[in-house]
Amino acid sequence: MQFGIFSVSDITRDPVTGVTPSEAERIDAIVQIARKTEEVGLDVFAIGEHHNPPFFSSSPTTLLGHIAATTERLILTTATTLITTNDPVKIAEDYAMLQHLSKGRMDLMLGRGNTGPVYPWFGKDIRAGLPLALENYNLLHRLWREDVVDWEGNYRTPLQGFTATPRPLDGVPPFVWHGSIRTPEIAEQAAYYGNGFFANHIFWPTAHSLQLIEFYRQRFEHYGHGTKKQAIVGLGGQAYIAKKSQDAWNEFRPYFNEAPVYGHGPSLEDFAEMTPLSVGSPQEIIDKTLTFHDTFGDYQRQLWLMDHAGLPLKTVLNQLDLLGEEVVPVLRKELETRRDPESAPAPTHRARVAAEYGDEPARQARPNANQGDNLAGASPYQDTAKTLADK
């Protein structure tokens with residue numbers, strides 16, 4: 001089980017002080033938050049992708065590449081990478097580069113995003129959002145598994161004899177999560193390829209997320225990737241923690257009440273009752289998180305949103321201390337005692353390389369000499385090109 005933090009990169013006015021941080025301050029803060037995530041013993045840090053204010057994370061690979069250079073074991077990922085408006089060729093190249101720079105300490109979550117105007121900004125039509133997501137990932141999947149790709153689709157120019165560089169580290173593509181809060185076609189796509197499915201379990205009642213996850217698990221088994229128990233599931237969540245329960249409610253209330261995404265709606269108490277939002281003492285956060293396991297069974301990754309709604313950096317870092325010192329150690333032990341031995345482990349690059357090659361050395365792509373074009377024989381690489389398209 002992997003535990004970590006995700007950020008949507010919002011820049012929100014602090015309702016207590018009235019101060020809105022600058023972009024520079026928030027970018028610096030998120031780097032500190034990522035380092036703190038590793039320091040307190042968590043496993044994963046994720047950042048979203050947005051291309052409009054009040055968000056700052058327009059270039060996740062740049063940010064994660066910097067964080068990779070300043071951490072040692074933290075797994076870096078996205079929440080999410082926009083598979084609709086990004087060119088899959090550029091995704092293939094950028095995230096393979098991040099995979100090399102992080103020495104495999106990365107994966108990525110793909111999603112359609114939740115900002116409608118982003119589509120025309122990048123020359124796309126939002127009405128084609130779902131078929132774009134499906135077609136673009138189908139191409140991305142091939143680009144990481146085939147040295148030379150010939151391809152033609154509906155939403156970009158064809159490719160002839162194209163090679164995405166660099167090739168994936170050790171010949172093993174980055175692990176992909178498909179993120180969705182409401183779309184069964186995305187769960188179906190994750191299952192078809194044997195990838196992970198991430199339910200951003202923050203706004204909707206648990207029963208809603210359960211429907212998508214159960215559908216994904218059934219289809220994962222249908223496509224022959226393993227049993228339903230071996231499907232790879234991740235959950236989002238939100239938490240605010242204080243040593244004393246009432247302090248947590250009192251401290252978080254002004255931020256909740258003014259938060260752009262759910263302020264001026266249900267009360268904090270009602271929202272926490274209706275959704276996975278967890279507020280309270282460390283034990284209360286533990287207890288509520290364990291209810292997720294009661295509902296979903298074994299899953300592989302739990303991420304919490306903790307730096308949103310204008311919360312000051314000091315408060316977020318204190319939250320991470322409590323999460324790392326008092327919440328996650330208890331959850332690790334308890335969930336391990338509950339884990340079905342047939343359940344899949346959380347995905348890591350090292351384990352996936354071992355599964356692919358066993359005791360044999362992993363592939364190290366070495367290009368042939370430049371022949372004046374993209375190809376030099378059947379493959380632009382010295383070794384015999386290994387096609388993993390059937391995986």
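Only a predicted model underlies this, so the values are computations on that prediction, with no experimental measurement involved.
Within 6.0 Å of the CZ atom in Arg127, the count of heavy atoms belonging to other residues, nucleotides or ligands does not exceed 12. At most 12 non-hydrogen atoms from other residues, nucleotides or ligands lie less than 6.0 angstrom from CZ of Arg350.
Taking the centre and axis of the six-membered ring of Tyr381, the NZ or CZ atom of Arg363 falls inside the cone set by 45° and 6.0 Å.
In this structure a side-chain-to-backbone donor-acceptor pair under 3.5 Å is present from Glu221 to Lys228. In this structure a side-chain-to-backbone donor-acceptor pair under 3.5 Å is missing from Thr183 to Ile186. With Lys288 contributing its side chain and Leu277 its backbone, the two residues share a donor-acceptor pair below 3.5 Å. When atom types are taken as modelled, the side chain of Gln319 and the backbone of Ile241 share a donor-acceptor pair closer than 3.5 angstrom. Judged by distance alone, with hydrogens and angles left aside, the side-chain atoms of Asn138 form a donor-acceptor pair with the main-chain N or O of Leu134 at under 3.5 Å. Looking at His349, its side chain never comes within 3.5 Å of a backbone N or O of Gly104 through a donor-acceptor pair. Under the 3.5 Å distance criterion, the side-chain polar atoms of Thr291 are left unmatched by any main-chain donor or acceptor of Asp294.
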Take Asp170 and Tyr357, measure what side chain to side chain donor-acceptor pair (under 3.5 Å) needs, and give me the verdict at the end.
CA-CA 10 Å; Asp170 299 320; Tyr357 295 98; over 6 Å; no

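Taking hydrophobic clusters as Ile, Leu, Val, Met, Phe, Trp and Tyr residues chained together by side-chain heavy-atom distances below 4.5 Å, Tyr155 shares a cluster with Trp121.
Taking the side-chain hydrogen bond (donor to acceptor under 3.5 Å, both in side chains) definition, one finds that Glu269 meets it with Arg253, sequence neighbours left out. In this structure Phe122 satisfies the ring-ring contact (aromatic ring centres under 6.0 Å, His included) test together with His51, sequence neighbours excluded. With sequence neighbours excluded, the residues forming a side-chain hydrogen bond (donor to acceptor under 3.5 Å, both in side chains) with Ser7 are Asp307, listed by chain and number. Partners of Glu38 under the side-chain hydrogen bond (donor to acceptor under 3.5 Å, both in side chains) rule, at least two apart in sequence or in another chain, do not exist in this structure.
Listed by first then second residue, pairs satisfying ring-ring contact (aromatic ring centres under 6.0 Å, His included) with a partner in residues 79-113 number zero, not counting sequence neighbours. Legend: ring-ring contact (aromatic ring centres under 6.0 Å, His included) pairs involving residues 266-297, not counting sequence neighbours, sorted by first then second residue: His201-Phe292, His201-Phe296, Phe256-Phe271, Tyr262-Phe271.
In this structure, Tyr216 has its ring center no closer than 6.0 Å to that of His178.
Put simply, the side chain of Ile232 reaches to within 4.5 Å of the side chain of Pro347, judged on heavy atoms. Annotation: side chain of Leu320 is in contact with side chain of Met306 (closest heavy-atom distance under 4.5 Å). No side-chain heavy atom of Leu303 sits under 4.5 Å from any side-chain heavy atom of Phe45.
Expressed to the nearest 0.5 Å, how far CG of Asp14 lies from CG of Leu311 amounts to 7.5 Å. Interatomic distance, Met109 CE to Asn195 CG, rounded to the nearest 0.5 Å: 12.5 Å. If you take CG on Asn86 and CD1 on Ile91, they are separated by 4.5 Å, rounding to the nearest 0.5 Å.
By the 4.0 Å N-to-carboxylate-O rule, Lys90 lies too far from Glu93 to be salt-bridged with it. Salt-bridge check for Lys229 with Asp298: failed, with every basic side-chain N at 4.0 Å or more from each acidic carboxylate O. Ion pairing of Asp43 with Arg332 is present here, as a side-chain N (NZ or NE/NH1/NH2) and a carboxylate O approach within less than 4.0 Å.
Classified by interplanar angle (parallel below 30°, tilted 30° to 60°, perpendicular above 60°), the ring pair Tyr192/Tyr223 is perpendicular. Classified by interplanar angle (parallel below 30°, tilted 30° to 60°, perpendicular above 60°), the ring pair Tyr137/Tyr193 is perpendicular.
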